[in-house]
Amino acid sequence: MTAAAPDASASPGSSTSSDSVQRTRVVVVGAGPAGLTLANILRAASVDCVVLENESREFIERRPRAGFLEEWAVRALDGRGLADRLLRNTVVHTECEFRFAGESHRFPYTGVSGQRHYVYPQPLLVTDLVREYADVRGGDIRFGVRDVEPAGTDTDRPSVAYTDPATGERVRLDCDFVAGCDGARGVTRDHMPPEHVTIARHDLGVGWLALLAEAPPSSDCVVFGIHPRGFAGHMARSPQVTRYYLECPPGDDPENWSHDRVWSELHERLAADGAPPLVEGELIEKRVLAMHNYVVEPMAYGRLYLVGDAAHLLAPIGAKGMNLAIHDSLLLGDALVAHYGTGDDSGLRDYSRRCLRRVWQYQEFSQWLSEVYHGVSSGDPFRAGVARARLRRTLGSPAAAAGFAELFLGKDTDY
């Protein structure tokens with residue numbers, strides 16, 4: 001990256017004559033899995049880029065988030081030299097378990113589809129990607145930035161301005177492209193003009209109490225508890241930490257859920273004949289998730305490309321969010337490398353269409369699975385009957401099992 005003399009006229013929008021003006025090819029806003037995967041792809045191809053992140057490095061490397069990667073995503077990361085530590089430290093899952101009506105039903109999805117799940121918490125993946133980009137490959141990443149403001153994204157001279165946290169100086173990065181990888185609460189999506197995009201939203205009508213327990217997993221696989229009192233989920237995160245979910249009213253206060261109440265409900269909703277008892281532990285995270293989905297269409301405007309949760313959000317029903325973010329990053333990274341390497345812009349033109357094909361498949365699966373999880377507890381006898389029928393068909397029909405496994409593990413297309 002090169003610095004230039006201040007020039008207020010060099011980029012439309014937000015700059016002033018007191019700005020420090022610098023130049024790079026791509027500005028990546030956000031250092032989650034999406035932004036860091038993209039930045040590593042660009043860095044490996046010698047495409048100059050700068051990553052801007054409003055949190056500290058320590059924060060993003062500890063922030064608890066998703067933990068399941070689909071096999072195609074792991075293969076893609078490995079093919080880019082980004083999965084060495086992941087493959088050494090991951091736990092591989094080959095089946096899941098449904099518990100309902102007091103019975104346990106194992107679903108061997110690897111035997112059905114040949115695909116596996118990799119358990120690797122997002123903070124570990126982020127740590128690996130930051131290390132590879134910044135420490136190994138010498139990439140430029142700026143933590144703790146404030147007041148990030150894209151401008152001119154509908155022109156051929158876009159820029160991103162931010163406030164340096166150390167000096168308070170306003171810095172402007174002139175660039176060719178802006179990648180909005182700043183998540184559901186980021187700023188880049190707000191720079192998509194309303195008349196240009198459609199934001200499709202769907203509220204699932206429930207809340208989930210998300211819990212992290214300092215307790216070893218109580219099962220060797222993911223467990224889905226389908227119960228009249230509400231859904232419950234069990235997902236291993238490490239040998240010492242387990243993620244649990246409990247269905248609760250939308251907008252519920254986590255403080256309504258004491259230690260004793262949480263464990264009582266988990267024992268009740270995850271009970272099944274022959275199932276091992278849950279191992280209890282201290283609850284180190286407790287928050288209520290708003291269970292809703294959205295899709296921004298198209299995912300590009302001018303020189304601005306949205307990636308990951310900035311463009312689409314999935315409630316954590318099918319463990320799809322991090323996988324979709326990686327998929328977007330791979331497509332955009334390859335498209336930008338082709339643009340700078342050979343002048344081929346077909347990948348940039350097709351970026352939104354190719355991403356949205358998988359996004360809508362995962363959205364449909366999420367909605368389908370939500371009814372399986374929540375229909376029994378909905379209070380609606382019709383929804384409850386449909387949910388039980390879907391589950392019986394998935395567990396009893398080879399054709400239905402194959403369809404479920406394909407969607408649960410993700411089709412190995414594009415990567």
Side-chain angles (χ1 to χ4, degrees), residues 62-68 91 93 96-106 117 119 121-124 203-292 314-322 366 369-379 384 387 391:
R62 295 176 183 172
R63 175 172 46 193
R65 284 293 185 270
F68 281 85
V91 175
H93 282 197
C96 62
E97 180 181 352
F98 293 94
R99 295 180 186 175
F100 67 101
E103 298 179 346
S104 172
H105 301 266
R106 289 268 178 155
H117 262 146
V119 181
Q122 180 173 315
L124 297 183
D203 190 334
L204 298 177
V206 299
W208 273 15
L209 182 67
L211 304 153
L212 274 181
E214 282 190 333
S218 300
S219 174
D220 59 356
C221 69
V222 172
V223 179
F224 307 118
I226 298 167
H227 194 278
R229 294 179 64 89
F231 171 79
H234 161 287
M235 293 91 176
R237 283 294 179 263
S238 76
Q240 299 82 31
V241 175
T242 305
R243 166 71 77 188
Y244 286 100
Y245 292 112
L246 281 170
E247 182 185 340
C248 64
D252 202 356
D253 185 347
E255 295 308 309
N256 291 334
W257 293 82
S258 67
H259 177 97
D260 290 343
R261 184 187 180 193
V262 164
W263 286 108
S264 175
E265 287 295 320
L266 287 171
H267 282 292
E268 173 74 20
R269 300 185 196 185
L270 292 172
D273 292 341
L278 300 183
V279 180
E280 297 188 14
E282 180 184 355
L283 300 173
I284 56 176
E285 183 193 62
K286 189 168 55 175
R287 58 194 174 97
V288 172
L289 306 180
M291 300 293 285
H292 64 273
L314 274 163
I317 286 179
K320 297 297 188 184
M322 182 163 61
S366 175
L369 193 56
S370 175
E371 280 300 302
V372 173
Y373 288 168
H374 305 125
V376 171
S377 58
S378 67
L391 190 52

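The shown structure was predicted, so the numbers you read here are calculated from the model rather than taken from an experiment.
Closest of all the heavy-atom pairs between Ser377 and Tyr373 is OG-O, 4.5 Å. Closest approach of Pro228 and Val376 over heavy atoms only: N-CG1, 3.8 Å. Contact between Pro217 and Ala236 at its shortest, heavy atoms only, is CG-CB, 3.5 Å. Shortest non-hydrogen contact noted between Leu204 and Ser370 is CD2-OG, 3.9 Å.
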With a 3.5 Å cut-off and sequence neighbours excluded, list the donor-acceptor pairs that the side chains of residues 314-322 form with protein atoms.
from, atom 1, to, atom 2, distance (Å)
Lys320, NZ, Glu70, OE2, 2.7
Lys320, NZ, Leu407, O, 2.5
Lys320, NZ, Phe408, O, 3.0

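Classification of the Tyr245-Trp208 ring pair by plane angle, with boundaries at 30° and 60°, yields tilted.
Between the CZ atom in Phe100 and the CG atom in Leu391 there is a gap of 4.0 Å [rounded to 0.5 Å]. To the nearest 0.5 Å, the span separating CZ on Arg106 from SG on Cys221 amounts to 4.0 Å. Note that CZ of Arg229 is 10.0 Å distant from CG of Leu246, once rounded to the nearest 0.5 Å. Taken to the nearest 0.5 Å, the OG atom of Ser219 stands 11.0 Å off from the CE atom of Met235. Atoms NE2 and CZ, on His105 and Phe98 in that order, are 10.0 Å from each other to the nearest 0.5 Å. Between Arg237 atom CZ and Phe68 atom CZ the span is 5.5 Å, to the nearest 0.5 Å.
The salt bridge (Lys or Arg N to Asp or Glu O under 4.0 Å) analysis of residues 243-256, with sequence neighbours excluded, yields the pairs Arg243-Glu285.
Within the 3.5 Å criterion, the main-chain N or O of Asn256 finds a donor-acceptor partner in the side chain of Arg261. Of the possible donor and acceptor atoms, one in the side chain of Arg99 sits under 3.5 Å from a partner among the backbone N and O of Leu270. Proximity of a side-chain donor or acceptor of Thr242 to a complementary backbone N or O of Ala215 within less than 3.5 Å is detected.
In this structure Tyr244 satisfies the ring-ring contact (aromatic ring centres under 6.0 Å, His included) test together with His234, Trp263, sequence neighbours excluded.
The 12-atom threshold is not exceeded at CZ of Arg62, counting heavy atoms of other residues, nucleotides or ligands nearer than 6.0 Å.
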